[in-house]
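One structure is given below, encoded as structure tokens.
Heavy-atom basis, side chains included; hydrogens, waters and symmetry copies ignored. Order of the sequence lines sets the chain letters (A, B, ...), proteins ahead of strands, with each chain counted from 1.
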Protein chains: 2
Amino acid sequence: MNGLPRVVTIAWCLTDASARGPARRLSHAAITAAAIEVADDQGLGAVTMARVAQRLGFTTMALYRYVSTKAELLLLMADAAVALPDLKVERGEGASGLRRWADAVRDAHRAHPWLAEVPRASTSAMMPNSARMTDLALRALDGLPLTAPEKLATVLALSGLAAFYADVERSMAAEPTEAIDPDALAPFVGALAASCPDVAALTASGEFVNTTGADDSWVEQQYAFSVAALLAGLPSAAE
Amino acid sequence: MNGLPRVVTIAWCLTDASARGPARRLSHAAITAAAIEVADDQGLGAVTMARVAQRLGFTTMALYRYVSTKAELLLLMADAAVALPDLKVERGEGASGLRRWADAVRDAHRAHPWLAEVPRASTSAMMPNSARMTDLALRALDGLPLTAPEKLATVLALSGLAAFYADVERSMAAEPTEAIDPDALAPFVGALAASCPDVAALTASGEFVNTTGADDSWVEQQYAFSVAALLAGLPSAAE
DNA sequence: ACCTGAACACCGTTCAAGT
DNA sequence: ACCTGAACACCGTTCAAGT
């Protein structure tokens with residue numbers, strides 16, 4: 001037996017404000033917001049206790065009054081980044097609501113491309129915004145012929161797909177993916193032909209390795225296709 | 001226009017062995033293997049240029065003769081970790097083959113729980129073992145009424161789901177998830193009730209927050225359910 | 001009780017030097 | 001050409017000290 005993770009009580013504001021001593025000049029919200037600014041601007045790798053503190057005009061060590069570890073700060077950032085979008089879901093709406101819900105999750109990841117880089121922690125699900133997002137999805141699933149674990153699996157899988165494709169998009173944007181010179185590609189195609197006939201065929205037709213430069217739409221289509229498949233398959237998976 | 005990423009040519013052994021100078025006393029394979037040992041033993045966070053070199057009996061800087069950056073080493077590790085399992089897939093086998101394929105991907109992630117932590121790079125798809133895995137899945141999909149992008153989406157989504165659930169499993173194992181004291185849970189349930197009625201209901205029935213200690217089987221069931229739904233929904237998503 | 005300054009034990013990566 | 005030693009500019013986190 002043990003208590004709630006400390007960061008959960010922080011995020012839900014379940015901790016009593018300490019009464020004694022000098023007034024606090026920082027706050028979890030301010031620290032989290034500053035860290036998100038850094039991550040949005042320069043990537044998660046640039047999120048440093050020193051850099052966050054500097055942006056707030058404080059010393060690095062001042063942060064440790066509010067956060068006991070950098071991992072805790074990352075959890076706060078991740079939860080703040082999935083703050084509820086403008087999304088209304090009808091109770092029992094089903095597939096159409098879930099599709100819009102997945103799009104909202106994806107939008108959050110697009111707005112904060114570093115989200116997928118934050119190490120997953122089992123605590124995440126108990127954080128307020130994550131819980132609210134889950135709640136919306138469960139609302140859409142209400143009344144459907146699925147067990148509770150099946151509903152949770154649906155929610156997890158959908159958010160997993162949304163996060164996954166958003167991260168694919170991020171990784172493509174990160175490496176500018178200039179078109180690869182066909183001459184440079186030749187030895188690679190040769191190696192492929194030997195052990196990967198099906199991939200080699202796709203590569204030859206230009207559908208595997210991107211030889212034409214940036215190409216945004218296909219990730220969108222693949223995401224839409226995957227979500228559509230998952231949603232369409234729910235009834236038969238439940239049998 | 002530019003050439004193949006350097007790490008791709010390394011992984012496919014497309015670089016000419018340098019002839020002149022002292023014989024090389026290290027190799028990419030040895031370095032990658034040592035790094036994987038470190039990651040398996042102590043987690044990806046413990047993978048340090050210094051620690052890898054030490055395990056091999058070399059100086060840290062010796063590694064930079066073989067790898068131009070730590071990110072490159074991580075790519076080599078990730079690809080080596082998905083080395084082909086003992087998996088036969090019939091051409092055009094369809095759903096049953098894809099399910100076993102997804103299980104194989106998941107097994108790789110279970111054997112190397114740090115896999116999901118390796119930052120995704122667009123280069124990954126061109127690495128040899130990744131390509132071979134993709135090839136197997138395409139083999140199972142051959143002849144099905146799906147376009148090439150739809151087939152790739154299926155492969156991506158399946159591997160995404162396998163990786164996702166393996167990472168969920170890892171994160172649960174990382175935080176020992178002792179049962180949470182009901183008394184400590186009470187204020188959390190109270191907060192939930194206000195903004196998350198559906199999640200609160202699940203929590204009350206013990207299906208959301210784990211209040212009973214370790215619980216492996218539900219991740220397995222949720223993974224199986226998600227994959228089943230995705231596979232079952234393929235035909236209707238393709239229409 | 002907050003916040004600071006100095007310090008510790010690390011990182012990845014560079015560069016000139018040895019062989 | 002390989003490999004080493006020393007150095008650089010960082011990290012997260014600690015601890016004692018100020019207010």
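A salt bridge between A/Arg51 and A/Asp41 is absent, with no side-chain N of the basic residue lying under 4.0 Å from a carboxylate O of the acidic one. For the pair B/Asp103 and B/Arg110, the salt-bridge criterion is not met [side-chain N within less than 4.0 Å of a carboxylate O].
Contacts between residues 33-45 of chain B and DNA chain D, defined by a heavy-atom separation under 4.0 Å, are absent. If you check residues 53-81 of chain B against DNA chain D, the residues with a heavy atom closer than 4.0 Å are B/Phe58, B/Thr59, B/Met61, B/Ala62, B/Arg65, B/Tyr66, listed by number.
Scanning for salt bridge (charged side-chain N to carboxylate O under 4.0 Å, His left out) contacts around A/Asp167 gives A/Arg170, B/Arg120, with sequence neighbours left out. For A/Thr134, there are no side chain to side chain donor-acceptor pair (under 3.5 Å) partners two or more places apart in sequence or in a different chain.
Counting only heavy atoms from C-beta outward, the side chains of B/Leu73 and B/Met49 approach each other to under 4.5 Å.
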### Summary
Note, DNA chain C 5' to 3' with Watson-Crick or G-U pairs under 3.5 Å encoded as ( ), [ ], | and . gives ||.|||||...|||||.||
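The list of ring-ring contact (aromatic ring centres under 6.0 Å, His included) pairs with a residue in residues 37-85 of chain A, not counting sequence neighbours, reads A/His28-A/Tyr66.
Under the 6.0 Å distance and 45° angle rule, B/Arg132 does not count as a cation-pi partner of B/Trp101.
Rounded to an integer number of Å, the gap from B/Met49 CE to C/dT14 C1' is 13 Å.
Here the side chain of B/Thr48 is nearest to one of C/dG12, C/dC3, C/dC2, namely C/dG12.
One distance of note links NZ of B/Lys70 with OG1 of B/Thr48; it measures 5.5 Å at 0.5 Å rounding. We find the CG-OG1 distance between A/Asp79 and A/Thr32 to be 9.5 Å, quoted to the nearest 0.5 Å.
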### Query
Does the salt bridge (charged side-chain N to carboxylate O under 4.0 Å, His left out) test come out yes or no for A/Lys151 and B/Glu207, once each step is laid out?
CA-CA 11 Å; A/Lys151 288 178 185 174; B/Glu207 311 218 52; over 6 Å; no
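For the pair A/Arg51 and D/dC11, the criterion of a side-chain N or O lying under 4.0 Å from OP1 or OP2 is met.
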